[in-house]
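All values below were derived from every heavy atom in this structure, side-chain atoms included, with hydrogens, water molecules and symmetry-related copies excluded. Every chain is numbered from 1 and lettered A, B, ... according to where its sequence line falls, protein lines coming before strand lines. Just so it is clear, the structure is predicted and the values come from calculations on it, not from any experiment.
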Amino acid sequence: MTAASVTVRMYNVGFGDSFVVTLTQDDRVWRMLVDCGVHWQGQARPIAETVQAIIADLKAASPDGVPRLDVVAATHHHADHIAGFARDEWEQVEVSQVWLPFVEDGSDPTAVALRTRQELTAHRLLGLMSNHPALGASRGTASFKAAQEFAVNSSRNAEAADRLLGRRGRRFATVPTIRFLPSLTPAENRISVGGRGATVHVLGPSRDPAELKLMDPPANVAWLRLDAGDPEASDLAAVEPLFDDDYIVADPRRLSPDLKRARGSLRFTLDEQLLAASSLLERAVNNTSLFFVLEVFGTRFVFPGDAQHGAWQHVLGDPQGRKLLAGAAFYKVGHHGSHNATPKQFVEEIWRNGGYAMLPYGLVERWKKTIPKPELLAALSAHEHPLVRADQPEAVTPQVTVHEDLWTEISFEVEEDRPPPGFVSDADAPAVPAADTAGATGASPS
Amino acid sequence: MAGPAGGPFGAWVLWGDPLEWDLELFRSAGSNELESWPVGEGRRAAAMAVGDPVVLVLTGEQDDPAPGLWGVGRVTGRARSGRPDQFWRERAKRRTLVGVEMVVERVLLGISDLARVEVLAASELVVRPPGGEPGVLTSAQWTALRDLVQGVAVASSGAGRVWNRPPLSLPMRRLLRTYAFDPTSTRLSGEYLIVDVPFEASLRPGPMGELVQVVDFDATRKCWYEPVDLNDPTILARGGLRPAEHDPRTHQQVVYAVSMSVLERFERFAGRRFRWRGTERLKLVPHAFDGRNAFFDAASNAVMFGYYRATRDDLGEHLPGQRIFTCLSSDIIAHEVTHAIMHRWRPCFSEATNPDVFAWHEAFADLVALFQHFVHFDVVRAAVASSAGDLRKSTGLLDLAREFGSSTGRGAALRSALEAERSPAAFRAATEPHQRGAFFVAAVFEAFVTMHQRAIGDLIRIATGGSGVLPPGQLQSDLVNRVTKEAVMVADTLLGVVVRAFDYLPDVDVTFGDVVRAIVTADHLLYPDDGGRLRGTLVEAMRARGIYPEGVTSLADDALMWPAPDRPLSLRDAEPPIDLSRLIVSATLNLDASGRAAWAMGSEGGTPLGDRKRDRDEEQERYTSLNIWARRNAVELGLEPTQPIAVVGVHVAYRQAQDRQPHPEIVIQFRQRRLDLEDPNLSADDRVQVKAGTTLIAGVDGQVLHVVVKPLPFTSQTLEGLEHHDLGLSHHRAGSRRLSAMRSWLGQLDADDALTAWTGEPAALRLDFAALHADPPAWEVSR
């Protein structure tokens, strides 16, 4: 018999993530929003429209017309995942809990140091790109622009972060409990949600000190340092002459044509290196992604955020983690379908055929050849995973509902007595009910 | 061609009117070299050939400039349309120009002096031919003129030469000064070192010589720094400028001196002339940018040196805020120039096809830079003296290695490798190129110390009356001198062994195992007995660190040497035949120190060697023959017979052998790109190229001695024909192993690279020396 139904609704923001997961058991409803943001390129519509649509849908679903969410999960600090939270419309929404990766925890010195490094690096990169004299020749190239986009994506999300953390007057309608995950206490990484039989397993990001370096930003762009050690990095405008005026050629026309020719053949551009450094930063932030699996009577929904190769290895290296992934009914395709965000091993060896894949994606011209990665799409198809794309909404099975180009939804009916595939026995370590957490406020709605 | 007065051709005469060409502007621009000159469009202009002697006559009514002969030089480019230099009043107009190489500084001979010489009075030197055509001197006229101006054009300055008759020959060496080994180090021999390099008579301001060109442009501050003219008598007289941090000209001198010194050592060890591709020079940019890095940029064949301010967390002994110039560190210069030389010899070693390729680049560059310290007797002597009674342990020499690059933060990997336990595990675990390479350098250094101890054993016994136990306190100074001499000799020998091995390396995808095999093969050919146990010592030092070829059954010479061909293989069998003798003769002439032998042979022996066009044609024929030969023997060479094979290098090297005789050898490299084995999802330009390469060592009789293969699997079509071809099948198996190892390594690079998420470009294509030399290395960060 049907014990519960789960719907996953993907809002079509463009190049960004925004998902609402609704778990209905008997007449109890539990609802979670996973991310709400879009990259500044590849937008399907302004993010405000998506925010308004989500809230309108929440209102419509609410018996008393007040929009409510049990959980808001923000997987990581990138614009394409959290930009939407900067909108003040969220003040109408009652939120019980906010889940964030542990790196956002302001009371954890390791996390603070890490986040500070990431923020400082983004800031320095943008600073370099806007005013470093050596970069004149690099400006305007495609690589330079891409580098700038990466740095922007990692910074200027302060307003959104403020709302999630309840800082500087930004808030939701209620004051939610904030959980920084995963917790150092293993039991707290299995969270009971909704009614019986539903658990969220938090699998990442890793808190293993050895793996924290996956989240470390780059220390330099080619010869320019980005870390705090370089006094000149912060004082780029003050360029004093290197030698006395007498040694500086006043009129370069005097120089022999040979010298001028030679100078012409030199390459002083830094755009490639800027791009490399910016992409390291991008990856470092992606690797802070909250990686979790929602399990409802053994049916599993995988939300990896934008975890990249290294961060995935942490999950795949754990036998429990592998088991949880193996029989997933649903997988949110990591990082808009890029190369390093869905391990080949996961698709080829671990994930059993047939589960749904949802791809949050909007066309960004610059990356159109590589994102989504054609090999990934081919592999998903070869393993019979129905693929639902935000940019090409299509009801590929009767379970899929397409609502214009605003959202696409997959509905799952979950049976209680169905033997969960690759079952991870909950008896080993009972899940902690969400409401039991110290300081939890507000009852779950409905 | 014949001149108007009859007789064979002697030289061309270019004419100029100071009203049209502004000599004053030319002089005030600080230049004294002419690069082109307009000529008419007639037959004469068209006949001007590269290398022809040419002179310049300026006309005019006034005494300033004085009319007369102003320059003697040679033609460097045939007549073609172009814009004249900026000193022409009508510079916008296109004209027919010839390329010339000529110094124009002052009048050499006045027109009235010329007119007074009987042979020249009616020549086209005095009487301008009509129609703007260049004049022609007969051979007799040219000889007479040459006698008059002898020596004038060679050395560019100094009024004294008028009196130095007969003319003095140019010096062989130029003395210059550098820091020992950078401004802030507390080195053993005082602040400065004297470096002597070959005397380039034609050295121009920059300095710009035949091999290197210093380009002092600062991209951060967008300005040029005044170029130094090392031929200035005031500099010549004092043996080079004394290095000073505030004077950029001394920085230019330092980079020039150290680079030339390194290049010269390479020539000596390799036994052949070193040249960049074509007329290319290595560009050295001493103040390229504000930043803590220096690197070799292969695309522009340039070494870029940065400068930066020291911070509190810097290693070394500077003051916070002090400006550090990487171009003043001899270690950094030698290291980067070595990268450039390696790239010239083996361009494919800049492609990261396995974890050893870049590590070998770093190892070799560090090794050369480190052993460059041992060129300086005084430095080594001070190190030896400082080790006092503890000589047997050579701690002084070890200190020299430990100090390597210390004040600039370089060399940290080497220091840790010298301290690290000698164990294969550490080498296996090291993947970062500098770190991995440091194990190789540490092994060579250990061999050096061992060899040195062995070499001075008898000296110590003599000095101690046979006991071998040195008394405490200072060493006796004669003993210090002798021990130092041994150290310098051993260092030279050892570095020579490694540099010579370069010719024996495969063309692509090198590993440290290959390096060991190349060293053993090269050394065995010259010193079959290994009398000084040098080879054995070196191999043992490598073995202790796990550096040896995969799959060898023993570390004896026979097992380590590159295999000889299965069946006799000879270049003499080529069809059409390869003219090996001319190749050998031209290599021999190139070794002449004056560099003029080829030219002399050309004019006297009737064999126009040194004629560029003829050389090129011959080279082309040789390449064609070799290509056909290689295709016929492709399977033996580990190359796919059904696909194109490129001949990428043919040269002859002379090496000093055990018997003290020069030992000539032919080295040939073949390369083959295998499009069929590459990633078909990317366009041919965007892929990591999959290449097979073969190096061939042959005697001057054409007999192939060794074949060094880096094969790839054969196509199935070829494989069908190889059923009983043992060597072919073994190449095929080795090729399959290599291909799969390469693919998995490239996959790992992709997985480790953050940009892989965004672009289809393989990560390996983004690895270069600039990325590698960021400090801390970007490569390391990206891991």
Does some side-chain heavy atom of [Y] sit less than 4.5 Å from a side-chain heavy atom of [X]?
{"X": "Ile248(A)", "Y": "Glu226(B)", "answer": "no"}
{"X": "Tyr247(A)", "Y": "Asp247(B)", "answer": "yes"}
{"X": "Leu242(A)", "Y": "Arg221(B)", "answer": "yes"}
{"X": "Ser256(A)", "Y": "Arg204(B)", "answer": "no"}
{"X": "Asp244(A)", "Y": "His246(B)", "answer": "no"}
{"X": "Leu259(A)", "Y": "Pro227(B)", "answer": "yes"}

Worksheet entry | Best-contacting candidate, Arg263(A), His309(A), Arg366(A), against chain B by heavy atom pairs under 4.5 angstrom | Arg263(A)
Worksheet item: Under a 4.5 Å heavy-atom cutoff, which of Ser265(A), Pro374(A), Ala276(A) has the most pairs with chain B?
Response: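 Sorted descending by pairs with chain B, the first entry is Ser265(A).
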By a 4.5 Å heavy-atom criterion (distance strictly below it), what part of [X] contacts chain B: side chain, backbone, both, or neither?
{"X": "Leu281(A)", "answer": "neither"}
{"X": "Asp246(A)", "answer": "backbone"}
{"X": "Ala262(A)", "answer": "both"}

Item to complete: Measure from the ring center of Phe243(A) to the ring center of Tyr307(B) and say whether it is less than 6.0 Å.
Response: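 Not under 6.0 Å, so no.
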Worksheet entry | Rounded distance [0.5 Å steps], CZ in Phe26(B) versus CZ in Arg254(A) |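 Here the interatomic distance stands at 12.5 Å.
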Discussion item. Let me confirm one number: the CD-CG distance from Gln213(B) to Asp258(A), rounded to the nearest 0.5 Å.
Written reply: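 CG of Asp258(A) is found 6.0 Å from CD of Gln213(B).
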Discussion item. Counting only heavy atoms not in Lys369(A) (residues, nucleotides, ligands), do more than 12 fall under 6.0 Å from its NZ?
Written reply: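 Open: at most 12 neighbouring heavy atoms sit under 6.0 Å from NZ of Lys369(A).
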Where is the tightest heavy-atom contact between [X] and [Y], given as atom of each residue plus distance?
{"X": "Arg253(A)", "Y": "Gln86(B)", "value": "O-NE2, 3.5 Å"}
{"X": "Asp750(B)", "Y": "Asn340(A)", "value": "O-ND2, 3.7 Å"}
{"X": "Leu266(A)", "Y": "Ala302(B)", "value": "CD2-CB, 3.5 Å"}

Item to complete: Only counting residues at least two apart or in another chain, list the ones meeting side chain to side chain contact (heavy atoms under 4.5 Å, CB included) with Leu212(A).
Response: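 Leu212(A) satisfies side chain to side chain contact (heavy atoms under 4.5 Å, CB included) with Phe102(A), Thr110(A), Met215(A) only.
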Worksheet item: What part of Val285(B) gets closer than 4.5 Å to chain A, counting heavy atoms only: side chain, backbone, both or neither?
Response: side chain
